[in-house]
2 protein chains.
Amino acid sequence: MAIREEVIGKIIAVFKRHGAEAIDTPVFELRDTLMGKYGEDTKLIYDLKDQGGEICSLRYDLTVPFARYLAMNKTKQMKRYHIAKVYRRDTPAMSKGRYREFYQCDFDVAGEYESMMPDAECMRIACEILSSLDIGEFVIKVNNRKILDGLFETCGVPEADFRPICSAVDKLDKMSWADVKKEMVEEKGLPEENADLIEPFVKMKGRGQENFALIKALRETSLKDNARAMEGLKDMETFCEYLELYGVLDHIQLDMSLARGLDYYTGVIYEAVVVEGQVGSIAGGGRYDGLVGMFDPKGKQVPCVGISIGVERIFAVLAEKAKNNPNKQRTTETQVLVVSGQKDFLKPRMKLLAELWDAGVKSETIYKANPKMLNQFQKCEVESIPYAAIIGGDELEAGIVTLRDMATREEFKIARADIGAEVLKRLQ
Amino acid sequence: MAIREEVIGKIIAVFKRHGAEAIDTPVFELRDTLMGKYGEDTKLIYDLKDQGGEICSLRYDLTVPFARYLAMNKTKQMKRYHIAKVYRRDTPAMSKGRYREFYQCDFDVAGEYESMMPDAECMRIACEILSSLDIGEFVIKVNNRKILDGLFETCGVPEADFRPICSAVDKLDKMSWADVKKEMVEEKGLPEENADLIEPFVKMKGRGQENFALIKALRETSLKDNARAMEGLKDMETFCEYLELYGVLDHIQLDMSLARGLDYYTGVIYEAVVVEGQVGSIAGGGRYDGLVGMFDPKGKQVPCVGISIGVERIFAVLAEKAKNNPNKQRTTETQVLVVSGQKDFLKPRMKLLAELWDAGVKSETIYKANPKMLNQFQKCEVESIPYAAIIGGDELEAGIVTLRDMATREEFKIARADIGAEVLKRLQ
């Protein structure tokens, strides 16, 4: 939990630095709200039992609930973050941080804005977060659904098959082209010659400044006659210019094989990957301009773009690192243990404890009437509690407390009225 | 959300002051885990649909999952807090902060310890939390299941009916004695003369120092021959002594009508109530020494005591107060808006923005290519953003930024390299 708190704290700090406000939506959504949004992953949705009333499911992500929230409240502009658990009936893989219940940390910008500005900010946010965590080198693969759709169009894929073919392309990070092609042809009924046309494109990628050359090269392929693809390429050029201004272009890899599985993306898509280790994708997202309109009775659209940080995978990486760290992470923040060697001194200990709490000092005493002195000091050592406040008959009479610095073993006589302030001063 | 964050932040600070560590348990529990723990409220449990695999329900509280966690991990001692949502198929009442999905903030101490020490600390924690929130006067009603069970025994209630009769007594805060008696006699089959014996007891209460007199008086009633009741009275005497040491006895009201609905309590029980307004119960809990054993294959017990803060009700009270407060609560923490009156100055604005982010300043710019100066200043005012960082051709050339204090309307020329540090210094 200490690692989690630290990671989530850092993420919230970045979200706030970018002016986001927090919102919270319920863990339940109407089942109908979630249908038709997640493509093949719809089967992973958890349903609630019908106990009367509405038919509900547990949220699969935080994006669809956000879009539903915007439509219901007729909100046209919002920059929000939301950190909460989502639920998927998936096969868990603990070592990779894949669970059925897991945190997502989402930042989204809703509103009609200057093209690519919020999209570029999402990349900047991802880079700020991933750089602030000790997880090593990362790269953010980016692509654009407009380019992909234009590419499919150019390669003769029927419009109705764009999403299934897209979902096949998305598997290229785990499967060979041969297997992906097989899926396209055998499962999804695409003629082999059309699949072959796609192949050279999905092998194209650039990084940093190379992205500009790649965009230029793509503009000279068969895509040049496709309006959708050319619009997507223009968008990506602007996007990369902004990322250069934001100082993060070096992390960005334009990768034509990146497709993302979910149905709702309409523009830029991205996925951050840790270069070393087994963790893989650690953040993802994209633009979804059509989702809010699906929940509005008049189909009124609110364009949106967002990024979702998969913190469980980050926890998995950091927990692995912490194992090899000799400095044990504390699970509590206790500053003082109230200690006594005197028999039947429970009540004086409790009274001093209350005074420390009154002074705002994080303090405990052992919940026993007559604990051994050794056990009390041991608790300090095992739990890295920095100070012991020792009280006995002599201290009580003199109106003092003996404060022991557990690291140096030095002891100080402190006037009882000053003990709280003294501890806080020493800990500063 | 700003109110929530503030309240939850204060509560966590108190939990940490008392040396608690954070844990997290899943939102699902096996349905069997939750059965037989909540008495009449079992009907309020949400079940998941059977989609294959285990039969699960959503947690009804954080206490049963904690007990299950202790048993599964064979943990014998733990002081933990857990802040998370719980789920109840109840009739919502928004104005009272009663929802189907709501936060609970729980603190619990598990372990074999000096009698009443952790129990008294739970009261101290409740008082620290409730005093730190601006919710007015509160009182914590306390009682003890040992006294209640002894009382029922003395009044001739069969042992098998203790829990149902207890649950009837628990309704005395909402129903008259006549109605409660009716429930005991007609619904729960208790002979009328036995119900009449209970009446004088459940009308007894004390507050602060009076609690000691009440304990003394109870020791002189028919309870004097009941070992269970006498043990409970001894416990409550110690409890009140400790609460006096902890400086919170004045908030404590020993109230023989307090029974609590849940089955699992075995000792001290308590419920905090706000004196004025419609909110009612705002925290509750008690000792549950038998719960962990229900999940241990060998029935091995771990005594526990805990307190649960019902924050939704606190949010409801504070939201009501905030409505009447002329100072609008900010929903973001943005410190600077990057502003320009110059045409086609989007990229210079974005570059300055990135420099502010690099310096750790919470900053935004309007997501438009050519926003009007007036609209930019208006955003600052509406959202209480304290500074505008103005950049135009002159500033760019001179390597400066014009920093405008939105409250005083003063403007300062700041060297561009110093702008981040300058803003942070001024905001300190």
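Here is the naming used below: chain letters follow the sequence lines, and residue numbers restart at 1 for every chain.
One N or O on the side chain of A:Arg89 and one on the backbone of B:Gln51 form a donor-acceptor pair closer than 3.5 Å. Between the side chain of A:Asp289 and the backbone N or O of A:Cys304, at least one donor-acceptor pair lies under 3.5 Å. Looking only at distances, a side-chain donor or acceptor of A:Arg59 sits under 3.5 Å from a matching main-chain atom of A:Pro26. Of the possible polar contacts, one joining the B:Ser363 side chain to the B:Val361 backbone as a donor-acceptor pair under 3.5 Å is found. Looking only at distances, a side-chain donor or acceptor of A:Asn370 sits under 3.5 Å from a matching main-chain atom of A:Asp344.
With a 4.5 Å cut-off on non-hydrogen atoms, B:Glu121 touches chain A through its side chain but not through its backbone. Heavy atoms closer than 4.5 Å to chain B are found nowhere in A:Glu244, neither backbone nor side chain. In this structure, chain B has no heavy atom under 4.5 Å from any part of A:Leu356. With a threshold of 4.5 angstrom between heavy atoms, A:Glu5 approaches chain B through side-chain atoms but not through N, CA, C or O. Using a 4.5 Å cut-off between heavy atoms, A:Val248 makes no contact with chain B at all. Proximity to chain A (any heavy atom under 4.5 Å) is shown, for B:Gln335, by neither the backbone nor the side chain. Contact annotation for B:Leu337: neither backbone nor side-chain heavy atoms come within less than 4.5 Å of a heavy atom of chain A. With a 4.5 Å cut-off on non-hydrogen atoms, A:Ile385 does not touch chain B at all. With a threshold of 4.5 angstrom between heavy atoms, A:Ala369 approaches chain B through its backbone and through its side chain. For A:Leu346, the part lying under 4.5 angstrom from a heavy atom of chain B is the side chain only. Looking at A:Ile45, the atoms closer than 4.5 Å to chain B (heavy atoms on both sides) all sit in the backbone: N, CA, C or O. In this structure, no portion of A:Phe15 lies under 4.5 Å from any heavy atom of chain B. Neither the backbone nor the side chain of A:Arg330 comes within less than 4.5 Å of any heavy atom of chain B. A:Glu101 touches chain B through its side chain: at least one heavy atom from C-beta onward sits under 4.5 Å away, while N, CA, C and O do not. Contact annotation for B:Glu241: only side-chain heavy atoms (C-beta onward) come within less than 4.5 Å of a heavy atom of chain A. For A:Ser57, no part lies under 4.5 angstrom from a heavy atom of chain B. Both the backbone and the side chain of B:Asp358 come within less than 4.5 Å of a heavy atom of chain A.
Judged by a 6.0 Å distance limit and a 45° cone about the ring axis, B:Arg88 is positioned over the six-membered ring of B:Tyr60. Annotation: cation-pi pair B:Arg4/B:Tyr103 absent, no NZ/CZ under 6.0 Å from the ring centroid and within 45° of its normal.
The number of heavy atoms from other shown groups lying within 6.0 Å of NZ (A:Lys372) does not exceed 12. Within a 6.0 Å radius of NZ in B:Lys43, other residues, nucleotides and ligands contribute more than 12 heavy atoms. More than 12 non-hydrogen atoms from other residues, nucleotides or ligands lie less than 6.0 angstrom from CD of B:Gln378.
In terms of heavy-atom pairs under 4.5 Å with chain B, the best-connected choice from A:Glu21, A:Glu333, A:Arg124 is A:Arg124. Note: A:Trp357 leads A:Phe28, A:Trp357, A:Tyr87 in heavy-atom pairs under 4.5 Å with chain B. Ranked by heavy-atom pairs shorter than 4.5 Å toward chain A, the options B:Thr331, B:Leu58, B:Val14 are led by B:Thr331. Considering only heavy-atom pairs separated by less than 4.5 Å from chain B, the leading option among A:Lys368, A:Met117, A:Glu383 is A:Met117. Counting heavy-atom pairs closer than 4.5 Å to chain A, the top-ranked of the candidates B:Lys79, B:Lys85, B:His18 is B:His18. No other option in B:Glu112, B:Lys351, B:Lys347 has as many heavy-atom pairs under 4.5 Å with chain A as B:Lys347. Ranking B:Lys362, B:Glu114, B:Arg17 against chain A, the residue ahead of the rest is B:Arg17, based on heavy-atom pairs under 4.5 Å. Ranked by non-hydrogen atom pairs under 4.5 Å with chain A, the options B:Tyr46, B:Tyr246, B:Tyr367, B:Tyr242 are led by B:Tyr367. Highest contact tally toward chain B, considering only A:Pro118, A:Gly247, A:Gly360, is held by A:Pro118 [criterion: heavy-atom pairs under 4.5 Å].
Using a 4.5 Å heavy-atom threshold, the side chains of A:Phe66 and A:Arg80 count as touching. In this structure the side chain of B:Ile8 reaches within 4.5 angstrom of the side chain of B:Phe315, judged on heavy atoms. Two residues are said to be in side-chain contact when any heavy atoms from C-beta on lie closer than 4.5 Å; B:Phe239 and B:Met123 meet this criterion.
If you check the side chains of B:Thr365 and B:Arg349, you find a donor sitting under 3.5 Å from an acceptor.
A salt bridge does not link A:Asp50 to B:Lys49: none of the charged nitrogens lies less than 4.0 Å from a carboxylate oxygen.
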